[in-house]
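Take a look at the structure set out below.
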Amino acid sequence: MEKKVRVRFAPSPTGPLHIGGVRTALYNYLFARQHGGTMILRIEDTDSQRFVPGAEEYIMESLKWCGIEIDEGVGIGGPHAPYRQSERREIYLKYATQLVEAGWAYYAFDSAEELDALRKEYESRGETFAYNYAVRGRLATSLALPAEEVKARIERGDQWVIRFRMPENEVVKMHDLIRGDVEVNTSTLDDKVLYKSADALPTYHLANIVDDRLMEVSHVIRGEEWLPSLPLHYLLYRAFGWTDSQPEFAHLPLLLKPTGGGKLSKRDGDKMGFPVFPLFWKSPATGETAHGYREDGYFPEAFINMLALLGWNPGTEQELFTMQELIEGFSLDRVSKSGARFQPDKAKWFNAQYMHRKSDAELAALYQPVLREHGIEVSDAVAGKAAGIMKERATFTTDLWDLTSFFFVAPEQYEEKQAKKYWKGDNPRILKEVREVLASIDDFSLENTERIVHAWIEEKGYPMGQVMNTLRLALVGAGKGPGMYDVTAFIGKEECLKRIDNLFERLTPAA
Ligand code: GLU
């Protein structure tokens with residue numbers, strides 16, 4: 001029987017969630033949904049030094065905005081609650097001591113100062129200090145000290161940590177669903193701390209393995225930065241005797257800077273003007289702020305679509321995917337091993353694509369708040385229609401006012417270049433005639449007005465471009481906008497005539 005798919009997104013609340021983290025959550029979610037599995041949200045907050053207030057709420061809100069649904073976890077509950085590691089603290093000591101008893105781990109009593117001194121001493125000799133097989137037998141550890149002393153030190157409340165006893169010179173063979181087989185010699189690895197008496201908390205490695213086991217996680221899908229921890233995690237499964245239920249692993253490629261070299265950072269975003277976080281963030285400690293896709297006007301669907309393709313390739317030319325299509329099409333086999341370069345223009349391109357596909361009703365919902373800010377009160381139908389006519393030229397909702405304001409307010413000023421070019425010669429006289437023609441039309445629909453005015457211009461033999469641009473100057477005040485009859489139909493006959501009169505009143509034509 002195939003094992004039940006249970007995946008987890010396990011962020012540490014150390015600041016705003018980077019878009020790389022959102023992509024990790026997304027791939028977990030797609031994988032879970034595709035396999036009818038369970039998506040777990042676990043908060044890994046055992047490092048109290050790096051805890052940032054508000055970060056957990058930020059993570060939850062980001063996932064919600066993106067449409068990444070959690071089945072089990074913080075904020076929802078589930079059969080393995082609690083899902084916040086700081087609330088599971090009693091669980092871990094038992095497992096750490098179990099490893100000590102089995103000989104897979106040991107107590108170490110070195111103080112931070114002693115370790116610092118050792119580091120410096122090694123450095124002065126041009127070497128790097130590593131806590132490993134070479135030194136653990138002669139430092140203040142339960143491997144070096146007599147058993148009574150170890151007991152006495154613990155009983156009198158000396159601070160200790162439990163370290164993993166990394167085997168010497170053993171090749172650990174691992175398998176990654178994206179990278180294939182990976183091998184590491186344990187002599188290159190140090191004895192990682194698993195548990196600290198100082199705060200009675202496990203470190204990431206121990207808590208992560210224990211919780212994945214207890215929460216019956218089947219697949220660990222996480223960022224590439226955790227690949228170096230994989231040998232230790234393999235060995236922890238072995239040390240606990242849990243290899244039978246060990247999850248499968250998939251390490252996702254990094255998101256790279258637009259220039260290609262190195263990991264995408266907030267600095268890159270600040271420099272080039274794009275967000276690297278899903279939502280706006282204000283640091284509670286420093287007050288420093290960071291842009292977010294949501295507040296910068298991106299649609300969540302566009303943001304998710306873009307992220308999905310940063311590292312995964314569908315194997316076809318298709319670029320636009322709904323969440324449902326992503327769920328159906330996603331596969332870890334098509335996640336690349338190499339880093340995915342972030343392209344800010346592509347993010348905008350995706351947003352524009354989603355803008356162009358919005359219905360008038362959706363556009364109305366987006367545009368009404370902007371219109372109200374400008375003091376415009378219109379029906380949803382009118383708001384949606386205006387936005388609908390111009391959506392092909394918009395990337396963000398905020399572009400819409402610039403593109404459509406003339407539908408709602410008559411020009412007060414006239415663009416100089418346009419006025420100079422057209423408000424002269426025969427054009428004012430012809431515009432007067434156009435006014436008469438427009439005034440005589442009863443059915444002011446787009447098609448009817450276009451038919452009548454066109455036929456009239458042709459009959460008169462007037463230059464079409466001149467006439468239309470002069471009319472545009474009157475109705476729009478500038479050389480921009482959609483087709484002229486989109487404007488006449490939208491604003492209606494009365495308003496057309498009024499705007500033409502305005503032009504005559506406000507601007508004296510050049511000879
Ligand atoms: N807490 C780790 C992080 O912040 C989780 C890594 C993992 O998924 O194992 O990314």
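Ligands are counted one by one from 1 in listed order, and the atoms in each one are counted from 1 as well.
At a 4.0 Å cut-off, not a single heavy atom of Glu225 sits close enough to ligand 1 to count as contact. The closest approach between Asn208 and ligand 1 falls below 4.0 Å for a heavy atom of the residue.
Both cation-pi conditions hold for Arg153 and Phe109: the charged atom is under 6.0 angstrom from the six-membered ring centre and inside a 45 degree cone around its axis. Note that Lys346 lies in the cation-pi zone of Phe350, set by a 6.0 Å cut-off to the ring centre and a 45° limit from the axis.
The protein heavy atom nearest to atom 8 (O) of ligand 1 is Arg8 NH1, 2.7 Å. Looking at atom 10 (O) of ligand 1, its nearest protein heavy atom turns out to be Trp226 NE1, 3.3 Å. Atom 5 (C) of ligand 1 has Ala10 O, 3.1 Å as its closest protein atom, hydrogens excluded (heavy atom only).
Residue-ligand proximity, Glu44 to ligand 1, at heavy-atom distances under 4.0 Å covers atoms 1 (N), 2 (C), 5 (C).
Checked for salt-bridge contact, Arg357 and Glu301 miss the test: no charged N lies under 4.0 Å from a carboxylate O. Salt bridge annotation for Arg42-Glu44: present, with a cationic side-chain nitrogen under 4.0 angstrom from a carboxylate oxygen.
Note: His219 and His35 have parallel aromatic rings, judged against thresholds of 30 and 60 degrees for the angle between ring planes.
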